[in-house]
Amino acid sequence: MNSETCLIIGAGQAASQLAFSLRKEGWLGPITLLGAEAEAPYQKPVLSKEFLFSEKTADDIAIKSTGAYEKKPFTCSGTP
């Protein structure tokens, strides 16, 4: 078991990709994404247009499904 923790400041698309890449490359310790949102990472440019005009749902703009973060496991921490 790895006792080191990876803390990723920010929870956007780059942070999400980094977390999944770390797992793919063999990181076994905890990974925490620290962002301002209470939700899992989502595509922010799409949010500003399609989501606000009800053209897309929250699931449509998610970078990965919520279940993907639970399987790895990751912690997404934000302000509720």
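For Glu55, the side-chain contact (heavy atoms from CB on, under 4.5 Å) partners are Glu50, Phe53, not counting sequence neighbours. Looking at residues two or more places apart in sequence or on another chain, you find a side-chain contact (heavy atoms from CB on, under 4.5 Å) between Ala15 and Ile8, Leu33. Remark: Thr57 pairs with Asp60 by the side chain to side chain donor-acceptor pair (under 3.5 Å) rule, at least two apart or across chains.
For Ala11 against Gly35, the heavy-atom pair with the smallest separation is CB-CA, 4.0 Å. The minimum heavy-atom distance linking Arg23 with Leu28 is given by the pair NH1-C, 3.6 Å.
In this structure the side chain of Leu22 reaches within 4.5 angstrom of the side chain of Cys6, judged on heavy atoms.
Side-chain atoms of Ser21 come within 3.5 Å of backbone N or O of Gln17 as a donor-acceptor pair.
Rounding to the nearest 0.5 Å places CG of Leu7 at 6.0 Å from OG1 of Thr32. The distance from the CH2 atom of Trp27 to the OG1 atom of Thr5 is 7.5 Å, given to the nearest 0.5 Å.
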